[in-house]
4 protein chains.
Amino acid sequence: MWLPIQINEQSAEPLYYQIEVQLRALIVSGQLAEGTLLPSIRELAQMLKCSIITVRRVYQDLESEGLLRTRQGTGTYVARVEQRELDRHRLAAVIEAVDNAVTAGKLVQCTKDEINEIFQEALNKHYNG
Amino acid sequence: MWLPIQINEQSAEPLYYQIEVQLRALIVSGQLAEGTLLPSIRELAQMLKCSIITVRRVYQDLESEGLLRTRQGTGTYVARVEQRELDRHRLAAVIEAVDNAVTAGKLVQCTKDEINEIFQEALNKHYNG
Amino acid sequence: MWLPIQINEQSAEPLYYQIEVQLRALIVSGQLAEGTLLPSIRELAQMLKCSIITVRRVYQDLESEGLLRTRQGTGTYVARVEQRELDRHRLAAVIEAVDNAVTAGKLVQCTKDEINEIFQEALNKHYNG
Amino acid sequence: MWLPIQINEQSAEPLYYQIEVQLRALIVSGQLAEGTLLPSIRELAQMLKCSIITVRRVYQDLESEGLLRTRQGTGTYVARVEQRELDRHRLAAVIEAVDNAVTAGKLVQCTKDEINEIFQEALNKHYNG
DNA sequence: GTGGTCTAGACCACC
DNA sequence: GTGGTCTAGACCACG
């Protein structure tokens with residue numbers, strides 16, 4: 001089984017965190033359906049060329065968030081989560097990132113229009129580019 | 001001399017980083033004019049209730065960015081920076097934060113409208129709230 | 001032949017252990033009489049939708065406790081056990097679980113009354129609810 | 001700084017779990033007040049004669065439960081938690097253990113009186129013994 | 001000094 | 001085969 005997860009060696013972000021963010025996104029956006037069996041820890045470690053321990057941490061963190069479910073001897077599955085909870089998870093990270101951006105703008109005394117312009121530019125770059 | 005810098009103990013961001021961001025914003029947005037004498041390292045550390053080491057790091061970082069200038073025995077001043085350079089600095093952090101937010105949105109497959117709505121909400125919260 | 005054994009997929013307890021506890025309870029409480037022929041390993045595995053290995057482990061464990069007896073080619077039977085031995089088995093698990101509960105209460109400095117109240121509530125929930 | 005934590009080498013319970021249970025109990029029962037600085041990871045590892053990693057896991061788990069707060073370079077503190085939340089934490093483990101005990105009793109068809117008797121015995125043993 | 005990340009590798013329990 | 005625990009040790013970031 002293959003997962004669309006990219007690791008950026010250059011990034012300052014910890015390895016485990018990069019993986020976590022992307023795997024969480026796959027789950028909460030419904031690209032990995034409830035009940036899906038994920039690759040084993042060893043497999044994913046090999047795929048991502050990182051240590052078993054790093055993958056273990058990812059699975060463990062997401063399990064403690066209630067998004068994954070592991071059973072010894074069986075494997076790791078996408079957990080059953082209420083739709084409402086899923087939506088909350090899905091938008092939480094976005095809302096926080098947007099809030100950070102606006103806060104950064106206010107800090108350097110951007111006007112509402114000024115920051116909105118920057119935002120529309122970014123939006124066009126990502127969605128039309 | 002007082003500086004409008006707030007430290008958030010709860011935040012996961014390192015102390016030095018929180019201070020750096022805010023002090024940089026004060027400079028590049030013109031709230032601290034060229035030539036202004038900043039508090040001494042010891043004074044600022046006392047004001048912010050943090051370690052001297054932390055403040056030293058902030059001053060050093062901003063000096064290496066060319067925003068501050070330290071004179072032996074006199075103190076630390078806001079450096080002379082070209083207006084063009086200043087503008088670049090001013091918007092750089094905002095642009096990056098905005099880009100992060102849009103990237104986060106794309107990761108969980110938000111539509112352009114969906115993320116725009118979140119953004120307008122944040123904008124209203126911060127500017128009209 | 002049907003056995004009233006429930007598997008809880010959500011529980012952290014290993015599969016084999018859940019089955020063992022319930023099957024043991026059926027025997028020591030007399031709900032499965034001495035000499036009763038149990039389902040074959042394959043049958044029970046099918047009934048419980050679990051692995052044959054898991055059921056084999058259960059039968060082996062209970063046989064080594066002297067509660068089951070396997071005859072080559074015939075099947076697995078409830079063994080002959082002295083009444084005294086049966087009673088000991090029957091209460092052993094309960095006594096241990098109760099002891100754990102009281103220990104947990106002491107750990108967080110519950111008073112005798114406090115923990116007794118919790119216990120009476122649980123008792124009412126299970127027996128009158 | 002000393003912490004009243006006992007490790008049972010013989011127990012089947014994982015090391016990290018034994019430590020977690022006891023440290024959590026110290027916090028939620030108020031024996032470690034809000035804001036208390038805990039021993040450093042290295043210190044506690046030495047005190048308990050276990051690996052640094054084991055202690056790290058304990059601190060990390062309790063932090064993700066919101067009971068601890070760590071800051072790099074500073075140390076690990078008892079977090080600020082609402083009293084209501086604290087009470088919930090405090091009794092949750094007890095309620096669960098008591099429920100398990102009653103369930104175990106029902107499984108072997110104990111009467112209400114029978115299990116109550118076992119419970120009162122345990123209570124007397126622990127509190128008057 | 002503190003905690004945070006990542007590694008390699010051993011051994012056990014479960015299915 | 002699977003995940004779970006525990007170890008030792010290196011290196012980095014923060015204060």
Sugar-phosphate, base or nothing in reach of [X], heavy atoms under 4.0 Å:
X: Arg56(A); value: base
X: Cys50(B); value: nothing
X: Ile41(D); value: sugar-phosphate
X: Ile52(B); value: nothing

[X] has an atom [atom1]; how far is it from atom [atom2] of [N], in whole Å?
X: Gln60(B); N: dC14(F); atom1: CD; atom2: P; result: 14 Å
X: Tyr59(A); N: dT5(F); atom1: OH; atom2: P; result: 17 Å
X: Met1(A); N: dT2(F); atom1: CE; atom2: C1'; result: 16 Å
X: Tyr77(D); N: dC14(F); atom1: OH; atom2: C1'; result: 13 Å
X: Leu15(C); N: dT2(F); atom1: CG; atom2: P; result: 18 Å
X: Glu20(C); N: dC15(E); atom1: CD; atom2: C1'; result: 14 Å
X: Ile19(D); N: dT5(F); atom1: CD1; atom2: P; result: 13 Å
X: Arg71(A); N: dA13(E); atom1: CZ; atom2: P; result: 17 Å

*Residue closer to the 5' end of DNA chain F, Ser51(B) versus Glu43(A) (nearest nucleotide)*: Glu43(A)

*Could you walk me through whether Asp61(A) and Tyr16(A) pass the side-chain contact (heavy atoms from CB on, under 4.5 Å) check?*
CA-CA 10 Å; Asp61(A) 284 356; Tyr16(A) 85 91; 4.0 Å; yes

_dG3(F) phosphate, OP1 or OP2, under 4.0 Å from Thr76(A) side-chain N/O_ = yes

*Any side-chain N or O of Thr70(A) less than 4.0 Å from the OP1 or OP2 oxygen of dG4(F)?*
yes

*Only stems of 3 or more consecutive Watson-Crick or G-U pairs count here, both distances under 3.5 Å; name the ones for DNA chain E, or none.*
E:1-14 with F:1-14

How far does [atom1] of [X] sit from [atom2] of [Y], to the nearest 0.5 angstrom?
X: Ile41(D); Y: Thr54(D); atom1: CD1; atom2: OG1; result: 11.0 Å
X: Arg57(A); Y: Arg57(D); atom1: CZ; atom2: CZ; result: 11.5 Å
X: Leu44(A); Y: Leu38(A); atom1: CG; atom2: CG; result: 8.0 Å
X: Leu62(A); Y: Leu67(A); atom1: CG; atom2: CG; result: 6.0 Å
X: Asn8(D); Y: Gln18(D); atom1: CG; atom2: CD; result: 5.5 Å

_Both Ile53(A) and Thr54(C) contact DNA chain E. Which one's nearest nucleotide lies toward the 5' end?_
Ile53(A)

*May I ask you to say whether Glu65(B) pairs ionically with Arg24(B), meaning some side-chain N is under 4.0 Å from a carboxylate O?*
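Salt bridge between Glu65(B) and Arg24(B), a charged N being under 4.0 Å from a carboxylate O: yes.
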
_Ser40(A) side-chain proximity, nearest of dG15(F), dT2(F), dC15(E)_ =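 That would be dT2(F).
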
Under 3.5 Å, which protein N or O atoms sit close to an N or O of nucleotides 11-13 of chain F? Give each pair with its distance.
from	atom 1	to	atom 2	distance (Å)
dA13(F)	N3	Gln72(D)	OE1	3.1

_Assess the residue pair Val81(D) and Ile27(D) against the criterion (side-chain contact (heavy atoms from CB on, under 4.5 Å)); give the C-alpha distance rounded to whole Å, side-chain angles, the decisive distance to 0.1 Å, and a yes or no._
CA-CA 10 Å; Val81(D) 185; Ile27(D) 297 170; over 6 Å; no

*Does NZ or CZ of Arg71(A) come closer than 6.0 Å to the centre of the six-membered ring of Tyr77(A), within 45° of the ring's axis?*
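No; the conditions do not both hold, so Arg71(A) does not lie above the ring face of Tyr77(A).
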
*asked:* To check you understand the geometry: which heavy-atom pair defines the closest contact between Val55(D) and Cys50(D), and what is its length?
replied: CG2-SG, 3.8 Å

